[in-house]
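Since we're looking at a predicted model, the values are computed, not measured. The chains referred to below are lettered A, B, ... by the order of the sequence lines, with proteins before strands, and numbering in each begins at 1.
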2 protein chains.
Amino acid sequence: MDMRDIAKIAGVSSATVSRVINGSSLVRPETAERVQRVIEKTNFVPNGSATTLKYGRSSTFGLIIPDITNPFFPELIRCFEAILVSNDQDMLMATTDFQPAKLQRTIRRMLIRKVDAVALLAAEIETQPIESLMHNRVPLVTLDRRSIARGVSDVAVEYLSGMKQAVEHLKRLGHRRIGYIGGSLGLTISEHRVEGFRTAIEEAGLKYDPKFVLPGNYRISGGEAGMREILAMKTRPTAILATNDLTAIGAMRVARVQGVGIPEEISIIGFDDIELCEIVYPALTTLRLPRQELAQALFRALDVLAKHPHGRGHQSMVSTTLVIRDSTGPAPRDRKPAGKSV
Amino acid sequence: MDMRDIAKIAGVSSATVSRVINGSSLVRPETAERVQRVIEKTNFVPNGSATTLKYGRSSTFGLIIPDITNPFFPELIRCFEAILVSNDQDMLMATTDFQPAKLQRTIRRMLIRKVDAVALLAAEIETQPIESLMHNRVPLVTLDRRSIARGVSDVAVEYLSGMKQAVEHLKRLGHRRIGYIGGSLGLTISEHRVEGFRTAIEEAGLKYDPKFVLPGNYRISGGEAGMREILAMKTRPTAILATNDLTAIGAMRVARVQGVGIPEEISIIGFDDIELCEIVYPALTTLRLPRQELAQALFRALDVLAKHPHGRGHQSMVSTTLVIRDSTGPAPRDRKPAGKSV
DNA sequence: ATGAAAGCGCTAACAG
DNA sequence: CTGTTAGCGCTTTCAT
C-alpha cells in the first residue's frame, strides 16, 4: 500500500496524496478531504525510508550513553526523548558500556541510519569516532568534553562552583580532611573533575591530600572499593565527595556494613541527584545536575548545529546546586589527636 | 558519496561495490580488495535508507516501555539491546508514560520507520494499537498479556508459582494476614496479578481479605500511598506483597518514616529484583524476574514471528523465584488480641 | 489546483 | 566474474 494506491482510490495523483499528507495549502479542500478519508479508511502509513532516502535526513537523533543502569541516564533519556517527540524526531539509543569498540560500531550504525544528529554522552570519548561524525557532517554534541569544533558543540557541567559549595558546606561543619572517590582512571572527564575537586579544596584554604583521592568506576562497586580503602587508613578523611551518586551510595553501603556511622563518623556527598538519593538511608546530600535543563541544552545545541551545518559549535554550561540531606553532618573529633589538619 | 562514486574510483560498477560490501562470494578477490581499499580511504558508509526502501525492512526493532525510570526497564533494555546488536539490529526505543495516546503515536512512528518487529512492554495495552501493528504485518511480542494471535506472541511472567512461594515463605514465618499493593486500576495486567495473589493466598489455606488489597501505580508513590492506608487500619496485615519492587520500596519508606519496624512489625516482599533491592535498608525480599531470560524470550519470539510472517504467535513463560533478604521476618504477635486471623 | 516524471542510493535479476 | 538496469516510495519541479 503506497501513495499511488491511495491516489488511485481517491481518483487523484500520488503527488496530491503527498501534498495532503504534508499539509500543503495548494490542494482544494474537497480533494484533500476525499484523500484524507481514503487514508483513514485504509489505515495508510507512509513509508519513511523513501523520505529519508530523498532528503538524506531521517528525523532521528542518536543518543549514546555509557551505562543505562546508572539511574541518572534513564532520567535524562526520558527528558531527551520527550523533547525529541515534541519535535517530531525519533531516538536511536545505544549503550557503550564504556567500551570504545562498541562506541565505534554504534556510530557507524548511526551513520548508516542517517541520523540527523548525535548526542554523545559516553565518557570514553576518543577523537576518532568524533571525526567520523564530523567527516559525515553530522551535528554532534558531547557532554563535558569542553572542546568544540565545526559542527561539534559541548554542554559542560559547571561542577566547579558546585564542588566549592560542597566543600564550603563541609568546612562549615568542621571538616578539614576531605577525600574524593572519582571516576575511572584514564578518562579525561575523570581527570577534569579531580582537578575541580583540588581547586575547590585549595580555594577553601584546605589541604589537598592525594592520599585521600581514589579512583572509582562511576558505579556502586567503585564507591565500595574506594570506601574500603579509605576505612583502612590510619588517618582517614572525615568527609568524602564522590564523582556521582552511585559511587557515593557504594561508599555508604560499605560504611554501613563496617559499622561506620554516616554522617556521625564520615560525611558523604554525591553528584547528580538521582531519585535514589532520597531513598537510601541516610538520604544522600548531593550536587544536583538538573536533567531537564541538560536535555534541553543538548537538544538546543544539536538543533542550532542542524540549522547551521557549517557553523562552529558552541560551548554551553549546566550548573549544579547543592542539595543538603542527611549524609552530611558535623565532623567528628579526631580519634587520634595526632592528625594535623589544615 | 555513494556506491557509484566508489565504483568510479575503483574502476568497477556500483553492483560490484554492493557485492563487496555485502560479502558476496562472486567477486574476484583482487577486485574486492581494490574496492575495499577505496571504501576505507574514503570512509564510505552506505545509506541504509535505500536498503530499507528496497526491502521494506529496516533492521530495527521497536521497544516500547511504560516508564524508563523504573530501574527494571533499563536493566531489561540493556539486555535487549545487546541481543539486538549482536543480531545486527538497531533499537528504536520509546516510552509511553502509561498514556495510551502516546502509545498510539509511538506505534505510528514505528510503522513509518518500518521497524521489523515490536516488543510492547507497556501495560496499558488496548487492542487498538495492536491491531494497527497486526494490520501492517509487524511481528509483535507483548509482556504478560496472555493472549496471542496471528503474528502476535506473548511472554508471560509466571508469577503464580512465585507468589505461592512468597506466601508460603510468609506463612512459615507465622503470617496469617497478608496484604497486597498492586498496580494501577483498570489495567488487565494489574487484575491478573491480583487474581494470582488471591489464588496463592487461598491455596495456602489463608483468608483472602479484599480490605488488605490496595491499588498502586507501579511507582514508589503508589507504594507509599498504599502503605499509609495500611498503617491506618485498626487491624493491619502483618505482611505485604507488592506488585513490583518500587511499590515495595515506597511502602518501606512510609513504614520507616512512621517508625514501623521492618520486618519486626511488617514484612514486605517485592517483585522484579532490581538492583535497588540490595541497596535499600533493609534489603528487600523479592520475587526475581530474570532480565536476561526475559529479553531472550522477547527476542526469540520476535525472531520466530519474523521468519514465519503468517504463523500464529506463541505463548512462552518466564518464571520467578523468591529471593529472601531482610525485609521479611517472623510475624509479630497481635498487638490487639482481637483480630481473628485464619 | 493537479498531474507527470525524475531522482534519492541500493540491490538483484538478467545479460554478457 | 562483472555490468546494466529497473524499481523500492516519496517529493518536487515543471507543465498544464
If I compare all heavy atoms of B/C79 with all of B/A295, which pair ends up nearest, and what's the gap? CB-CB, 3.6 Å

According to salt bridge (Lys or Arg N to Asp or Glu O under 4.0 Å), does anything in residues 34-51 of chain A pair up with another residue at least two apart or in another chain? List the pairs. A/E33-A/R37

Before accepting this row, confirm whether a basic side-chain N of the pair B/D90/A/R109 lies closer than 4.0 Å to the acidic partner's carboxylate O. yes

Let me know, please, whether B/A50 or A/I21 comes out on the 5' side of the other along DNA chain D by nearest nucleotide. B/A50

From NZ of A/K114 across to P of C/dG9 the rounded distance in Å is 8 Å

In whole angstrom, give the distance that lies between atom CE of A/M3 and atom C1' of C/dA5. 16 Å

Closest to side chain of A/D2, choosing from D/dC10, D/dT11, D/dG3: D/dC10

Separation of A/L26 atom CG from D/dT13 atom C1', in whole Å? 12 Å

To the nearest 0.5 angstrom, please state how far the CG atom of B/N70 sits from the CD atom of B/E75. 9.0 Å

If I take atom NZ in residue A/K54 and atom C1' in nucleotide D/dG7, what distance separates them, rounded to the nearest angstrom? 15 Å

How many whole angstroms separate atom CG of B/L53 from atom C1' of D/dA6? 13 Å

Salt-bridge contact A/R291-A/D272 (side-chain N to carboxylate O under 4.0 Å): no

For C/dA1, take OP1 and OP2 only and decide whether either is under 4.0 Å from a side-chain N or O of A/R19. no

What's the closest nucleotide to the B/T16 side chain, out of D/dT11, D/dT2, C/dT11? D/dT2

C/dC8 phosphate, OP1 or OP2: any side-chain N/O from B/N47 under 4.0 angstrom? no

Return the minimal non-hydrogen interatomic distance between A/D88 and A/S59, and the atom names on each side. O-CB, 3.8 Å

What's the CG-P distance between B/D5 and C/dC10, to the nearest Å? 9 Å

C/dA5, D/dG9, C/dC10: which one has an atom nearest the side-chain heavy atoms of A/A15? C/dA5

If you compare every side-chain N and O of A/S18 against the phosphate oxygens of D/dT11 (OP1, OP2), does one of them come in below 4.0 Å? yes

Any side-chain N or O of B/T51 below 4.0 angstrom from OP1/OP2 of C/dC10? no

Can a donor-acceptor pair be found between the side chains of B/T52 and B/R113 at a distance below 3.5 Å? no

When you measure from the side chain of B/R28, which nucleotide among D/dT11, D/dC1, D/dG9 comes out closest? D/dC1

How long is the line joining CZ of B/R4 and P of C/dC10, in whole Å? 8 Å

Whole-Å distance, B/I112 CD1 to D/dG9 P, equals 15 Å

Winner on side-chain proximity to A/S14, out of D/dT11, C/dT11, C/dA13, is D/dT11

Categorize A/V12 for me: base, sugar-phosphate, or nothing, with a 4.0 angstrom heavy-atom threshold over every strand shown. sugar-phosphate

Assess whether atom CD of A/E191 is packed by more than 12 heavy atoms of other residues, nucleotides or ligands within 6.0 Å. yes

Please work out which residues in residues 35-46 of chain A have a non-hydrogen atom less than 4.0 Å from an atom of DNA chain D and list them by number. A/F44, A/P46

What is the nucleic acid contact for B/T31, judged by heavy atoms within less than 4.0 Å: base, sugar-phosphate only, or nothing? sugar-phosphate

